[in-house]
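Report on the structure given below.
Residue indices begin at 1 and follow the sequence shown.
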Amino acid sequence: MKGKGGALDRRSSARWRLLLLCAFSFGLGMLFTNRRQDQELQLVSEDCNTKRKHGEHKDIMGEVTRTHEAIQLLDKSISTLQMELAAKRSTLELVRSGVPVTSETSQSRKKAFVVVGVNTAFSSRKRRDSVRETWMPQGEKLLQLEEQKGIVIRFTIGHSATSNSILDKAIDAEDAQHHDFLRLDHVEGYHELSAKTKIFFSTAVGIWDADFFVKVDDDVHVNLGMLATTLARHKAKPRTYIGCMKSGPVLADKNLKYHEPEAWKFGEDGNKYFRHATGQIYAISKDLATYISINQPILHKYANEDVSLGSWFIGLEVNHIDERNMCCGTPPDCEWKGQAGNICVASFDWSCSGICKSVERLKDVHARCGEGDSSVWSDLI
C-alpha cells in the first residue's frame with residue numbers, strides 16, 4: 001500500500017509540474033506577445049508621426065514657395081512701375097530742356113526687342129553712309145525691321161555748342177532724307193562720351209519699352225541677326241550686361257591717349273581697371289537702362305566711356321556676360337570663324353578701336369563676314 005501511495009504522489013507532483021510549466025509558458029508567451037504588439041504599435045505611431053511631420057514639411061515648403069512667388073511678383077511690379085516712372089521722367093526732361101518732342105516721345109513707349117544706338121559725330125557723314133550701304137537697312141526695310149522683328153536702329157547724336165549751327169542744320173537735312181537719327185540733349189565732344197552714353201540710355205528708355213539697349217560705334221561691322229540671336233539667349237536673365245569684358249591698365253601719364261585723370265582712385269601705379277565691356281559695342285537689359293535713367297544725375301563720369309559704364313554697375317547684382325563673338329577681328333579672323341559656323345556679332349580692329357579706314361573697308365568686311373541679308377528676317381529670331 002505504501003508503494004502504491006508513493007507512486008500516486010509522484011504522478012500528482014508530475015501533473016503539478018506540468019501545469020506550472022504550461023502556466024509559465026503561457027505567461028511567457030503573453031509577455032512576448034504584448035511586447036511585440038507594443039513594438040508594432042510604436043512603429044505604427046512613429047510612422048504616423050513621420051507622415052504627419054512630412055506633411056507639415058510639405059505644407060511649410062509650399063508656403064515658402066508661394067511666398068517666394070509673391071515676392072517675385074511684387075518685385076516685378078515695382079520694377080515695372082520704376083521703368084514707367086523713368087520713361088515719364090525722361091520725356092519730361094526732354095520737354096523741359098527744349099528738345100523737340102517727336103511723335104515717338106509724345107506717345108506712350110513703343111514695344112521693341114532691342115534698340116541699337118549707333119554712336120556718331122558731326123564729321124562722320126561718310127561713316128554713316130558706309131553703314132547704311134552695308135549692315136543697316138534703309139527706308140521701308142528699316143521700318144519693317146522695327147515692326148516685324150522689334151529691332152530699332154538709330155544714329156545717336158547731340159547738338160553743337162552753338163544753337164542752330166551749320167553742323168546741326170546738316171544733321172537735320174540728313175535726317176529728313178533717311179529718318180534714322182535719335183537726337184540727344186547733349187553737346188557733342190570726344191571727351192563727353194560718358195555723358196552722351198548716359199543721355200542715350202535715358203532718352204531711349206523713355207521712348208521704347210525694349211528688352212535690350214545696345215551702343216555701337218559707327219566704324220564697327222554688325223550682323224544684326226546674330227546680335228538678336230545672342231541677346232535672345234539672355235532675355236530671361238535680369239540685370240544683364242553683355243560685351244567683350246576686359247581689364248586694361250589705368251594710364252596715369254597725361255601724354256597718353258586714354259589717360260585717366262582720376263587714376264589715383266584705382267590704387268597704385270600699374271593697377272588695372274575692374275572688368276567692363278569694351279566700348280566698341282555692348283548691350284544692357286531694360287532694367288539696367290532704367291537704372292541709368294533714374295540715377296543719371298549722380299552717376300560718376302570717368303574719362304573713358306566704357307570704364308564709366310562698368311563703374312555704374314559695381315555694387316549691383318549684375319550678370320556680366322563675356323561674349324567674345326562681339327569683338328571679332330576683321331578678315332581673315334571673322335571670315336574664318338564664319339566658315340567654321342561661328343558667325344560673329346561684331347567685327348573691328350583692336351589697333352584702331354574700330355575698323356581701320358572703315359569708310360573704305362566696311363563693304364569688304366561686310367562681303368566676307370556678313371551673315372547674309374536674309375538672316376535678320378529669319379523666323380528663329
Side-chain angles (χ1 to χ4, degrees), residues 114-138 142 145 151 153-157 171 174 178 180-182 188 190-191 193 196-197 200 213-231 242-246 248 256-258 276-283 304-307 309 322-340 342-373 375-376:
V114 58
V115 175
V116 180
V118 185
N119 182 50
T120 192
F122 289 118
S123 59
S124 300
R125 173 63 191 261
K126 290 184 178 180
R127 282 189 180 183
R128 291 192 291 274
D129 285 341
S130 68
V131 170
R132 292 180 179 119
E133 292 168 1
T134 53
W135 61 266
M136 180 178 176
Q138 286 298 291
L142 188 64
L145 194 63
I151 300 174
I153 312 172
R154 295 286 189 277
F155 288 107
T156 60
I157 195 166
I171 293 297
E174 188 178 343
H178 295 284
D180 56 7
F181 277 93
L182 175 63
E188 284 292 322
Y190 179 78
H191 297 292
L193 288 179
K196 185 176 182 179
T197 299
F200 160 60
F213 295 85
V214 173
K215 177 263 175 181
V216 60
D217 290 336
D218 60 6
D219 55 355
V220 171
H221 179 265
V222 178
N223 282 316
L224 292 172
M226 278 305 301
L227 174 64
T229 300
T230 300
L231 296 179
I242 309 171
C244 287
M245 299 295 164
K246 66 174 185 176
L256 296 174
K257 181 179 179 181
Y258 297 110
H276 60 278
T278 189
Q280 287 84 355
I281 180 172
Y282 49 75
N304 299 303
E305 161 238 346
D306 51 357
V307 172
L309 184 75
D322 186 18
E323 183 54 69
R324 307 315 293 181
N325 265 358
M326 292 177 75
C327 55
C328 296
T330 55
D333 180 51
C334 57
E335 187 175 21
W336 288 344
K337 289 176 179 176
Q339 290 171 353
N342 299 316
I343 298 173
C344 294
V345 172
S347 303
F348 56 87
D349 298 307
W350 284 103
S351 60
C352 297
S353 297
I355 296 175
C356 299
K357 298 181 179 179
S358 65
V359 173
E360 293 82 9
R361 295 182 57 223
L362 191 57
K363 281 187 178 180
D364 178 65
V365 174
H366 185 63
R368 297 169 66 180
C369 299
E371 61 193 350
D373 294 340
S375 296
V376 72

Contact check, side chains of [X] and [Y], non-hydrogen atoms, under 4.5 Å:
X: Arg361; Y: Asp349; answer: yes
X: Asn119; Y: Phe200; answer: no
X: Glu188; Y: Thr120; answer: no
X: Leu224; Y: Ile153; answer: yes
X: Thr197; Y: Tyr282; answer: yes
X: Phe348; Y: Ser353; answer: no

Worksheet item: Of Ile281, Thr230, Leu231, which meets side-chain contact (heavy atoms from CB on, under 4.5 Å) against Glu323?
Response: Thr230

Worksheet item: Any idea which heavy atoms bring Ile157 and Phe181 closest together, and the distance?
Response: CG2-CD2, 3.8 Å

Worksheet entry | Heavy-atom pair with the smallest gap, counting every atom of Pro331 and Val365 | CD-CG2, 3.8 Å

More than 12 foreign heavy atoms under 6.0 Å from [atom1] of [X]: is that the case here?
X: Lys246; atom1: NZ; result: yes
X: Trp350; atom1: CH2; result: yes
X: Asp322; atom1: CG; result: yes

Is the side chain of [X] donor-acceptor paired with the backbone N or O of [Y] at a distance under 3.5 Å, no angle test?
X: Lys337; Y: Gly329; result: no
X: Lys196; Y: Thr156; result: yes
X: Glu371; Y: Met226; result: yes

Distance in Å, [X] [atom1] paired with [Y] [atom2], rounded so as to fall on 0.5 Å steps:
X: His366; Y: Ser347; atom1: NE2; atom2: OG; value: 11.5 Å
X: Gln339; Y: Cys334; atom1: CD; atom2: SG; value: 10.0 Å
X: Cys369; Y: Asn223; atom1: SG; atom2: CG; value: 8.0 Å
X: Ile355; Y: His221; atom1: CD1; atom2: NE2; value: 7.0 Å
X: Arg154; Y: Met136; atom1: CZ; atom2: CE; value: 7.5 Å
X: Asn325; Y: Leu227; atom1: CG; atom2: CG; value: 11.5 Å

Discussion item. What I want to check is whether the side chains of Asp306 and Thr278 have a donor and an acceptor closer together than 3.5 Å.
Written reply: no

Item to complete: Return each pair, listed once, that meets salt bridge (charged side-chain N to carboxylate O under 4.0 Å, His left out) where at least one residue sits in residues 120-130; pairs must be two or more places apart or across chains.
Response: Arg125-Asp129, Arg125-Glu174, Arg127-Asp218, Arg127-Asp219, Arg128-Glu174, Asp129-Arg132

Practice prompt. Decide, based on the SG atoms alone, whether Cys328 and Cys344 are under 2.5 Å apart.
Written response: yes

